[in-house]
Amino acid sequence: MQLRSDQMKKGIERAMSRSLFYAMGYTRREMEGPLVGVVNSGNQIVPGHIHLDRLVEAVVRGVCAGGGTPVCFPTIAVCDGIAMGHAGMRYSLASRELIADSIETMAMAHPFDALVLVTNCDKITPGMIMAALRLNIPAIILSGGPMQAGVWRGQETDLTTVNEAVGKVGAKRMSLQELDDLESCCCPGAGSCAGMFTANSMNCLAEALGLALPGNGSIPAVSGARTRLAKRAGMQVMELLAAGIRPRDIAGREAFANAIAVDLAMGCSTNTILHVPAIAREAGLTVNQDDFEVIGRDVPHLCNMSPAGPHHLDDLDRAGGVQGVMKRLAQRGLVNLEAMTATGETLGANLEAAAIRDEEIIRPFERPIHSEGGLAILRGNLSPDGAVVKQSAVAESMLERTGPARVFECEEDAVKAIMDGAILPGDVVVIRYEGPKGGPGMREMLSPTSAIVGAGLGESVALVTDGRFSGVTRGAAVGHISPEAAQGGPLALVMEGDLIAIDIPGRTLELLVGEEELARRRAQWQPPEPKVRTGYLYRYSQMVTPASQGAVLEI
């Protein structure tokens, strides 16, 4: 078999390259076989990555068992939770492009024959999937797996609990001592935070796309089963190489439809509507917000996962995992069973071994959590190109709401107003100039949404923004408003006290101001000064596309 790596290791012209491999301790026999790049985002700043070196060791053993030679290299990772609420969050979404570009750089400069991409967490997993599809050499995605839920005072907890506790302290509904006790136990160890937040959403969708092995989305980080999965990933990538199966052979249009159906059935993070279109673009496909809306009308919300409900990823794993969810969807023809997967078999073949073990966690169609999928796209004169809301995490009383705008030019000002008690029941908090360009970097608005819920306003106050939301967010939080304010979108024209009408069942978001008045305001509007003028963020702000297009960089 002609190997891609031969171009850097075969022939007398490559004597220099071989000498450099010898300098690292590689043997002639190791260099004769396939070279498999093992990408490792492990580090000591992200809980979801703190254990990845152990999984990489297992991948290495698997590759060797399959007859390949593993070659490990790193990439960066931002912890969204630690970056949250300050300028560091501007770098989170932007890091997705750096991750994809860095892997492309390494795999083109050193032409590996295959890749195993060991990942976890919010922007790292989509960045790695983007790289795999861009390079289109045999590859498997392996996540580090979810964290176990914490326990506080006999109740399961996760990052949602501690974030909302901050708002409770501000509203004097919790003491500082209670907060201290809670924060020390809500995240008990390694893994991606325990609810269906962005990290676990993307790990599940990697499995639903077929680019990761069954179990990737739900097997707990600390279990022996996760280590065994890592070994199988190393062995299986050698099978994909032998069979010539590449990522774009797996992630076709049917696979993306499958992934969207799983996303909506499980109530995944709104961030998936940024990442899935960006990933599809690398496969040469177009996926947009309308695909989520169309599929969501047919796919019910079947899993009541945190932050919307009580269940965590370890619960989902015991109930049958992503494969169980797909088996349920297959009962009504809501997934395509002919889609190829990283097992080398079709989805239909994989699902023969799947089981649904708990019908409270993976609900039957006769009693869904909601009749429609977890995400909804809203359009109207305030969001002509769309806005996104996790409708599965919205209280029924907030599905339709009209209230006065409370306008803030940045996240920090809004948080201060909420914590100071300046936001009243019925208000619609508007946070603008936080989009991909205006932020720059489209910061997550977890701090204000958690403060709203913690202050007891989760069923009376809505929030709309051109920023985005953490998967931890719940409540009437409408994000991704496009066009964003920094581009002169209608959000830039909202004034204090304007009425905003949110109708989630009707899929509309309207600013109740006449067209003549809006035209007058538009004529007076001036673009804001850039918040960042140097470095990567400035370049990012000049090149990034709107949120409605996945916030990717223009080529």
Side-chain angles (χ1 to χ4, degrees), residues 4-5 8 17 20-21 23-26 30 34-64 68-83 88 91-135 137-145 190-192 198-199 202-203 206 211-212 216 221 226-227 229-231 233-234 237 247 275 279 282 535-536 540:
R4 186 171 180 266
S5 62
M8 67 175 169
S17 297
L20 294 171
F21 274 98
M24 294 180 282
Y26 290 94
E30 286 177 307
L35 300 185
V36 178
V38 181
V39 189
N40 180 11
S41 58
N43 57 65
Q44 296 183 3
I45 190 64
V46 186
H49 296 229
I50 196 74
H51 65 306
L52 292 190
D53 287 349
R54 172 174 60 82
L55 295 182
V56 166
E57 287 181 15
V59 170
V60 164
R61 292 184 186 184
V63 170
C64 292
T69 299
V71 182
C72 301
F73 64 92
T75 190
I76 64 169
V78 170
C79 178
D80 276 32
I82 295 173
Y91 286 87
S92 173
L93 180 58
S95 73
R96 184 188 69 184
E97 316 308 310
L98 287 176
I99 290 162
D101 290 351
S102 68
I103 296 169
E104 175 197 356
T105 298
M106 288 294 288
M108 293 301 293
H110 318 100
F112 300 113
D113 300 299
L115 291 172
V116 179
L117 302 104
V118 185
T119 178
N120 228 359
C121 299
D122 296 34
K123 310 309 168 298
I124 301 88
T125 298
M128 287 202 184
I129 301 173
M130 289 166 67
L133 286 164
R134 185 184 303 175
L135 290 161
I137 60 177
I140 288 181
I141 304 294
L142 173 73
S143 84
S192 47
T198 307
M202 292 310 305
N203 290 341
L211 293 171
N216 182 76
R226 176 62 58 175
T227 304
L229 184 70
K231 289 179 183 177
V237 81
H275 299 319
I279 291 167
E282 299 292 352
Y536 172 59
Y540 179 88

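- Heavy-atom minimum distance, Ile141 versus Ala212: O-CB, 3.3 Å.
- The shortest heavy-atom contact between Val46 and Cys121 is CG1-SG, 3.7 Å.
- A distance of 9.0 Å separates NZ in Lys123 from CD1 in Ile99, rounded to the nearest 0.5 Å.
- Put simply, the side chain of Ser102 reaches to within 4.5 Å of the side chain of Thr75, judged on heavy atoms.
- One finds the CZ atom of Arg96 at 13.0 Å from the CD1 atom of Ile76 (value rounded to the nearest 0.5 Å).
- Checked by atom type and distance alone, the side chain of Ser192 pairs as donor or acceptor with a backbone atom of Gly145 at under 3.5 Å.
- Using modelled atom types and a 3.5 Å distance limit, the side chains of Ser41 and Thr119 yield no donor-acceptor pair.
- Remark: the backbone N or O of Asn203 is paired with a side-chain donor or acceptor of Asn216 at under 3.5 angstrom.
- Thr227 OG1 to Leu55 CG: the interatomic distance, rounded to the nearest 0.5 Å, is 5.5 Å.
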### Task
With side-chain contact (heavy atoms from CB on, under 4.5 Å) as the test, would you mind laying out the steps for His110 and Val71 before giving the verdict?
CA-CA 10 Å; His110 318 100; Val71 182; over 6 Å; no

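- Distance OG1/Thr125 to CG/Asn120: 5.5 Å, rounded to 0.5 Å.
- In this structure, Leu115 CG and Met106 CE are separated by 10.5 Å, a value rounded to the nearest 0.5 Å.
- You'll find the side chain of Pro34 stays beyond 4.5 Å of the side chain of Ser5, heavy atoms only.
- Using a distance-only test at 3.5 Å, with no hydrogens or angles considered, a donor-acceptor pair links the side chain of Asp113 to the main chain of Leu35.
- Residues in residues 35-61 take part in no salt bridge (Lys or Arg N to Asp or Glu O under 4.0 Å) pair, two or more places apart or across chains.
- For the pair Ala233 and Val116, the tightest heavy-atom approach, listed with the atom from each and the gap, is O-CG2, 4.1 Å.
- The shortest distance between side-chain heavy atoms of Leu142 and Met128 does not fall below 4.5 Å.
- Put simply, CG on Leu135 and CZ on Arg4 are 6.5 Å apart, with the number rounded to the nearest 0.5 Å.
- Of all non-hydrogen atoms in Arg226 and Ser143, the two that sit nearest each other are NH1-O, 2.9 Å.
- Minimum heavy-atom separation, Cys79 to Pro47: SG-CD, 4.0 Å.
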### Task
Begin from the C-alpha positions of Lys231 and Val59 and carry the test side-chain contact (heavy atoms from CB on, under 4.5 Å) through to its verdict.
CA-CA 5 Å; Lys231 289 179 183 177; Val59 170; over 6 Å; no

#### Entry: side-chain contact (heavy atoms from CB on, under 4.5 Å) assessment of Phe73 paired with Val39
CA-CA 5 Å; Phe73 64 92; Val39 189; 3.4 Å; yes

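- Closest heavy-atom contact between Leu93 and His275: CD1-CE1, 3.9 Å.
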### Task
Please test Met130 against Glu97 for side-chain contact (heavy atoms from CB on, under 4.5 Å), starting from the C-alpha separation and ending with a verdict.
CA-CA 9 Å; Met130 289 166 67; Glu97 316 308 310; 3.7 Å; yes

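- Applying the ring pair (Phe, Tyr, Trp, His ring centres under 6.0 Å) definition to pairs two or more places apart or across chains, none involves residues 35-63.
- Contacts of Phe21 classified as ring pair (Phe, Tyr, Trp, His ring centres under 6.0 Å), with partners at least two apart in sequence or in another chain: Tyr26.
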